Amino acid sequence: MHTTVAIVGGGPAGLLLARLLHNAGIDSVVLERRDRAYVEQRQRAGILEQATVDALRAAGAGARLDREGLVHDGIELRFRRRTHRVDFPALTGGRRVWVYAQTEVVKDLIALQLSDGGPLLFDAEVLTVEGAATPRPVVRYAHEGREQTLTCDYVVGCDGFHGIVRGVVPESVRTTHERTYPYSWLGILAEAPPVYDELIYAHSERGFALASMRSPTVSRLYLQVPNGTDPADWPDERIWDELDARLATDTEPGWRLERGAVTAKSVLPMRSSVTEPMRHGRVFLAGDAAHIVPPTGAKGLNLAAADVTVLARAFAHLDRTGSAELLDAYSDTCLRRVWRAEHFSYFMTTMLHTDPAQDGFDTGLQLSQLDRIATSPHAAAELAENYTGLPLGVPAAGPSS
Ligand code: FAS
Ligand code: PHB
């Protein structure tokens, strides 16, 4: 089989790229190692930036999002047992975010690709990518019990943090910057109506908590837990009690979550990682294959969408004009946005979580930063601009290096 763009990985990055290329008249093949049911039920992100919503609409995948997505104009910060709302439109000139689960984004994109897109192969694990520096790279993959070959003009690694395409960039030119955190998130999905209208991020002496949602009847909730925590050590009632303790506020004495059946429970490690460059020869990296952020800033899925929006535009430019200038600028263009999101995610994570080794000075710094956001429109605007996402066309600030 031959195609113009071989896409490794059928997560949000790979699926959205395939749609954007399809709409630009560029053929591609998506190879996904897991089956459709697994990919569609994997609980992950929940917040979409404007640019991501725009990209999904441009890809033709915005209809259900527009019907079922929840538009949010702010978030609430809880600290010192007080509450403070960050008003996004007031601070950013009208920007807001959408609550629409990654699972639903993936379902919409898969349905579209299967209905009128190029080949999307499930249970197709890519084994090797050869000839990255040649005009005709070769992708070898296992599918239907045998090894098969896909030749192409370009390969895009959308295969996530544990994928193999990042390794195609030779170590001699590849730099990976990493930071791990001394805590993880215990996340639950519950059939429990959120008793809050917007997301609540809580800093407390007991540790961080986040109250999010999936719909008016389904809550998505997170607790900071030590690394290596076994979800089995957290029976449902213990989770609810701890969430109530960390989200407690003197602004509304007796405030408690509505409880319900917990339908999913998992522990997510926290990591920051950036691989540079995001290209080698005719092989490109996009999404988690190139970078990871701790989910506190709700950037992961949105960064993936931004990468493939830039890349699809570059491929369309090449197809229309024969010029590879946007493709050649891809890595630097994306890395500027990636580093901005890395900093914001690190900032939100270290401000809101209690490092087991932190002392009173550290806590004083955290509370001072939170006080600043609560009292200064400039500090609040910095958070609001980053959270709602910087427009894709952010002017180039010069090479990323
Ligand atoms: P993905 O990892 O989603 O997709 C990669 C795909 O490639 C997978 O389907 C995988 O099966 C496939 N693949 C891998 N190797 C392959 C091979 N050799 N051949 C073929 N296919 C291969 N972000 C947030 O903003 N908020 C959150 O709350 C949040 N929670 C998260 C929880 C978890 C457990 C994880 C792991 C991530 C979370 N993220 C969150 C980040 C997440 O949303 C990612 O940013 C997003 O999935 C990135 O999408 P992709 O780049 O497509 O990578
Ligand atoms: C989610 O709803 O899963 C979610 C929302 C905001 C975050 C992280 C996760 O910062």
Side-chain angles (χ1 to χ4, degrees), residues 6-18 29-36 38-40 42-49 52 70 72 75 97-103 105-106 109-110 120-129 139-143 150 155-168 184-189 194 198-201 208 210-215 218-222 264 266-271 273 285-308 341 344-345 348-349 352 387 389:
I7 299 172
V8 182
L15 293 166
L16 180 55
L17 176 60
V29 171
V30 180
L31 301 173
E32 166 52 50
R33 75 176 169 188
R34 307 302 293 255
D35 63 34
R36 177 175 182 178
Y38 178 87
V39 173
E40 290 189 343
R42 197 168 38 189
Q43 283 304 323
R44 286 191 171 169
I47 297 293
L48 304 183
E49 296 173 3
T52 302
L70 305 173
H72 279 201
I75 59 171
V97 294
W98 272 251
V99 176
Y100 190 69
Q102 178 171 323
T103 49
V105 171
V106 165
L109 289 168
I110 287 174
L120 162 53
L121 305 186
F122 293 103
D123 298 307
E125 178 168 12
V126 170
L127 306 170
T128 62
V129 173
V139 175
R140 300 191 189 285
Y141 62 99
H143 184 54
L150 172 64
V155 179
V156 183
C158 297
D159 50 344
F161 183 70
H162 302 290
I164 64 161
V165 181
R166 183 168 60 247
V168 172
S184 297
W185 276 12
L186 169 64
I188 64 169
L189 204 60
E198 296 171 333
L199 274 58
I200 305 171
Y201 289 78
F208 171 78
L210 168 59
S212 184
M213 61 185 76
R214 289 292 177 266
S215 73
V218 178
S219 298
R220 177 70 165 152
L221 300 146
Y222 298 95
S266 63
V267 172
L268 161 70
M270 310 285 271
R271 179 186 290 114
S273 173
L285 302 175
D288 278 18
H291 40 71
I292 293 285
V293 286
T296 327
K299 289 297 144 206
L301 173 54
N302 295 295
L303 271 182
D307 289 347
V308 298
F344 178 65
S345 304
M348 288 287 281
T349 300
L352 289 163
Y387 195 95

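Read the numbers this way: they start at 1 and go in the same order the structure lists the ligands and their atoms. Throughout, numbering of the chain's residues begins at 1 and tracks the sequence. These figures come from a predicted structure and were not determined experimentally.
Distance alone, capped at 3.5 Å, places no donor-acceptor pair between the Asp159 side chain and the Val8 backbone. Not one N or O on the side chain of His143 forms a donor-acceptor pair closer than 3.5 Å with the backbone of Val126. Side chain of Asp307 to main chain of Gly287: a donor-acceptor pair is present (N/O by atom type, distance under 3.5 Å, no hydrogens or angles). At distances below 3.5 Å, at least one donor-acceptor pair connects side-chain atoms of Arg166 with backbone N or O atoms of Phe161.
Here's the thing with Ser212: one of its N/O atoms is less than 3.5 angstrom from an N/O atom of ligand 2. For a threshold of 3.5 Å applied to N or O pairs, the pair formed by Leu210 and ligand 2 contains no separation below that value.
Regarding atom 6 (C) of ligand 2, its nearest protein heavy-atom neighbour is Tyr201 OH, 3.3 Å.
Side-chain contact between Leu199 and Tyr387 is present, with at least one heavy-atom pair separated by less than 4.5 Å. By the 4.5 Å heavy-atom criterion applied to side chains, His291 and Lys299 are not counted as neighbours.
The closest approach between any non-hydrogen atom of Arg214 and ligand 2 is below 4.0 Å. Using a 4.0 Å heavy-atom cutoff, Trp185 is listed among the residues neighbouring ligand 2. Put simply, no part of Gln43 is less than 4.0 Å from ligand 2, judged by heavy atoms.
Interface atoms of ligand 2 facing Arg220, defined by a heavy-atom separation under 4.0 Å, are 3 (O). For ligand 2, the atoms lying closer than 4.0 Å to a non-hydrogen atom of Arg44 are 3 (O). Atoms of ligand 2 lying under 4.0 Å from any heavy atom of Ala298, numbered from 1 in the order shown and given with element: 6 (C), 7 (C), 10 (O). The distance from ligand 2 to the heavy atoms of Gly46 drops below 4.0 Å at these ligand atoms: 1 (C), 2 (O), 3 (O). For ligand 2 and Ile47, the ligand atoms under 4.0 Å from any heavy atom of the residue are 5 (C), 6 (C). Applying the 4.0 Å criterion to heavy atoms of Thr296 picks out, from ligand 2, the atoms 10 (O). Atoms of ligand 2 found under 4.0 Å from any heavy atom of Leu199, numbered from 1 in the order shown, are 5 (C), 6 (C).
Scanning both residues, Gly187 and Arg220, for their nearest heavy atoms gives C-NH1, 3.7 Å. Shortest non-hydrogen contact noted between Ala45 and Leu301 is CB-CB, 3.8 Å. Nearest heavy atoms, Val106 versus Pro12: CG2-CD, 3.9 Å.
With atom 8 (C) of ligand 2 as the reference point, the heavy atom nearest to it among Pro295, Ser219, Ala45 is part of Pro295.
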Name each N or O atom in ligand 1 that is under 3.5 Å from a protein N or O, and give the partner atom and the distance.
residue, atom, partner, partner atom, Å
ligand 1, 2 (O), Arg44, NH1, 2.9
ligand 1, 3 (O), Arg44, NH1, 2.7
ligand 1, 9 (O), Glu32, OE1, 2.7
ligand 1, 9 (O), Glu32, OE2, 3.3
ligand 1, 9 (O), Arg42, NH1, 3.3
ligand 1, 9 (O), Arg42, NH2, 2.9
ligand 1, 11 (O), Glu32, OE2, 2.7
ligand 1, 18 (N), Val126, O, 3.1
ligand 1, 19 (N), Val126, N, 2.9
ligand 1, 21 (N), Arg33, N, 3.1
ligand 1, 25 (O), Gly300, N, 3.3
ligand 1, 43 (O), Gln102, OE1, 2.5
ligand 1, 45 (O), Asp288, OD1, 2.9
ligand 1, 45 (O), Gly300, O, 3.3
ligand 1, 45 (O), Leu301, N, 3.3
ligand 1, 47 (O), Arg44, NH1, 3.1
ligand 1, 47 (O), Gln102, NE2, 2.9
ligand 1, 51 (O), Asp288, N, 2.9
ligand 1, 52 (O), Pro12, N, 3.3
ligand 1, 52 (O), Ala13, N, 3.0

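In this structure, the ring-ring contact (aromatic ring centres under 6.0 Å, His included) partners of Tyr222, at least two apart in sequence or on a different chain, are Trp185. Judged as a side-chain hydrogen bond (donor to acceptor under 3.5 Å, both in side chains), and not counting sequence neighbours, the contacts of Asn302 are Thr52. For Ala18, the side chain to side chain contact (heavy atoms under 4.5 Å, CB included) partners two or more places apart in sequence, or in a different chain, are Ile7, Ser28, Val30, Gln113.
In this structure, NE2 on His72 lies 4.0 Å from CE on Met213, to the nearest 0.5 angstrom.
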